[in-house]
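For ligands, and for the atoms within them, numbers begin at 1 and follow the listed sequence.
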Amino acid sequence: MNDLIIQNIKALVLPQSTDRPLKGKALDELTVIENGTVVVKDGKIVYSGEYTEDYVAKETIDATDRVVSPALVDAHTHLVHGGSREHEMTLKRQGVSYLEILEQGGGILSTVESTRNTTEDELFEKAEHDLLTMIHHGVLAVESKSGYGLDKENELKQLRVSRRLQEKYNLEMRHTFLGPHAVPKEAESNEQFLQDMIDLLPEVKTLADFADIFCETGVFTIEESKRYMQAAKAEGLKVKIHADEIDPLGGLGLAIDEEAISADHLVASSEEDKKKLKASDTVAVLLPGTTFYLGKESYADARGMIDNGGAIAIATDFNPGSCVTNNLQMVMAIAALKLKLSPNEIWNAVTVNAAKAIDVDAGTINAGDKANIVIWHAPNHEYIPYHYGINHVEKVIKDGQLYVNRDLSILS
Ligand code: NIG
Ligand code: FE
């Protein structure tokens, strides 16, 4: 006997299962079934497709007038961090830029201080709240970076917190060591600090899946990023890079040359580097919520990357400085408005392609897949990026079990 049938689904969103990330025109191809059925047994999808009455199950959920999709994947977050930086809003209003705040010892370095002064259990509690918020917004697969410790003790502390969250909630999580995220005040030199982070790799690899670096003016150069990525690969870690977020240093080209699993941000990437995406499986992870939050005019050239045959994904970049939201639905709306992505491209970018960017088995609900499903209170799949800033999740189903049920009833 099957466990669950989701019946009468108004719009069933079915990204295709694929070994490689969807690229170019394939990103706009998405099966959306009007009047669909999903059948679940033992935590797995038995059937998803056109309406059928061929199956029986112990439980039925009626999804009349609802959208059903795979649970979302947030492929880039700085989930585990201490403190917050609301005081920077005033500096931003006064016109002080992100890199100027960092130069003055604020920005990332202020979160480093807070993270160092926060105990492991306190960090866990704070990140747990943020993770549960993400789950309530329809996300069941998450990448989580360190990078606010900038020393052995505190980087490992962040990674342990990330691992503990995965164990507690049994989620699809990936953990990223971002030791070279900034140069701490006490460092003798950039060079020495980078070497210290490279020396940590053998220990870090027991906790981390990926190694990441912030390649940016005043932070780490292309040459330093290359040295770090090669050292990380030699330790068996896959690599990622914060590339061309503000200045066009050429991080995207480096990522492709080093066969990075993803290159992230890419607001200022060169035409030449964008063209190289087609022939590579490096996923361009675009973070339009960050461009929005930093108040920049110019967004990553998502259209150019797709039209040139590249693979893109969309993620929040949730962090306390440059993108203070863990609502991926909000970022889907910004992707529609500012990256000019179609609804199909957006759904593929937050499901199947986001899963490729962090090497998780997630983002699809075809027969045999894990039954990680969202039921949305929305009339069609275009509606979710359209009606922005609020949470459209009605139910989240994890491993075939009802996991979140959002009830909007008023208590008195
Ligand atoms: O992805 N750019 C570097 N790192 C983060 C921001 C971190 C912060 O400001 O605390 C990012 O935007
Ligand atoms: Fe980031």
Exercise. Is Lys205 salt-bridged to Glu235, cutoff N-O under 4.0 Å?
Worked result: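 Judged by the 4.0 Å cut-off on N to carboxylate O distance, Lys205 and Glu235 do form a salt bridge.
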
Exercise. Between Arg164 and Glu128, is there a side-chain N and carboxylate O pair less than 4.0 Å apart?
Worked result: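 A salt bridge is absent here (no side-chain N lies under 4.0 Å from a carboxylate O).
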
Considering only protein heavy atoms, which is closest to [atom], and at what distance to one decimal place?
{"atom": "atom 6 (C) of ligand 1", "answer": "Tyr98 OH, 3.0 Å"}
{"atom": "atom 7 (C) of ligand 1", "answer": "Tyr148 OH, 3.2 Å"}
{"atom": "atom 11 (C) of ligand 1", "answer": "Asp317 OD2, 3.2 Å"}
{"atom": "atom 4 (N) of ligand 1", "answer": "His181 NE2, 2.8 Å"}
{"atom": "atom 12 (O) of ligand 1", "answer": "Ser322 OG, 2.6 Å"}
{"atom": "atom 2 (N) of ligand 1", "answer": "Glu245 OE1, 2.6 Å"}

Let me check your reading of the structure: within less than 2.8 Å of the Fe ion (ligand 2), is there an N/O/S atom from [X]?
{"X": "His265", "value": "no"}
{"X": "His76", "value": "yes"}
{"X": "Asp317", "value": "yes"}

For this session: Taking atom types as modelled, find out whether Asp244 and His265 have a side-chain donor-acceptor pair closer than 3.5 angstrom.
Result: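 Not at all, the side chains of Asp244 and His265 share no donor-acceptor pair under 3.5 Å.
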
Problem set entry | No-hydrogen, no-angle side-chain donor-acceptor test under 3.5 Å, Thr176 and Glu143 |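 Looking only at side-chain atoms, Glu143 and Thr176 do form a donor-acceptor pair, the distance falling under 3.5 Å.
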
Exercise. For ligand 1, which part of Glu216 has a heavy atom less than 4.0 Å away: the side chain, the backbone, both, or neither?
Worked result: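 The answer is neither; Glu216 stays 4.0 Å or more away.
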
Exercise. Hey, is Asn319 touching ligand 1 through its side chain, its backbone, both or neither, going by heavy atoms under 4.0 Å?
Worked result: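 It is the side chain that gets close, since no backbone atom is under 4.0 Å.
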
Exercise. Donor-acceptor pair, Arg303 side chain versus Lys340 backbone, under 3.5 Å?
Worked result: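 Pair found, side chain donor or acceptor close to backbone of Lys340.
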
Exercise. If only atom types and distance count, is the side chain of Gln195 paired as donor or acceptor with the main-chain N or O of Gln192 below 3.5 Å?
Worked result: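 Checked: no pair found.
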
Distance filter under 4.0 Å to [X] heavy atoms, resulting ligand 1 atoms:
{"X": "Phe214", "answer": "2 (N), 3 (C)"}
{"X": "Arg85", "answer": "8 (C), 9 (O), 10 (O)"}
{"X": "His76", "answer": "1 (O)"}

Exercise. Name of the His242 N, O or S atom nearest the Fe ion (ligand 2)?
Worked result: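 Distance check against the Fe ion (ligand 2) picks out NE2 in His242.
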
For this session: For residues His81 and Phe318, establish whether the separation of their ring centroids is below 6.0 Å.
Result: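 His81 vs Phe318: aromatic centres under 6.0 Å.
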
Problem set entry | Pair His242 and His78, ring centroids less than 6.0 Å apart |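 Here the rings of His78 and His242 have centres that are less than 6.0 Å from each other.
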
Exercise. Any side-chain heavy-atom pair from Glu245 and Phe214 closer than 4.5 angstrom?
Worked result: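 Heavy-atom side-chain distance check passes, below 4.5 Å.
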
Exercise. Any cation-pi pair here, Lys238 with Phe210, using under 6.0 Å and within 45°?
Worked result: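 Because its charged atom misses either the 6.0 Å distance or the 45° angle limit, Lys238 does not stack over Phe210.
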
For this session: Say whether His81 and ligand 1 are in contact under the criterion: heavy-atom distance to a ligand atom below 4.0 Å.
Result: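 Distance cut 4.0 Å: His81 fails for ligand 1.
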
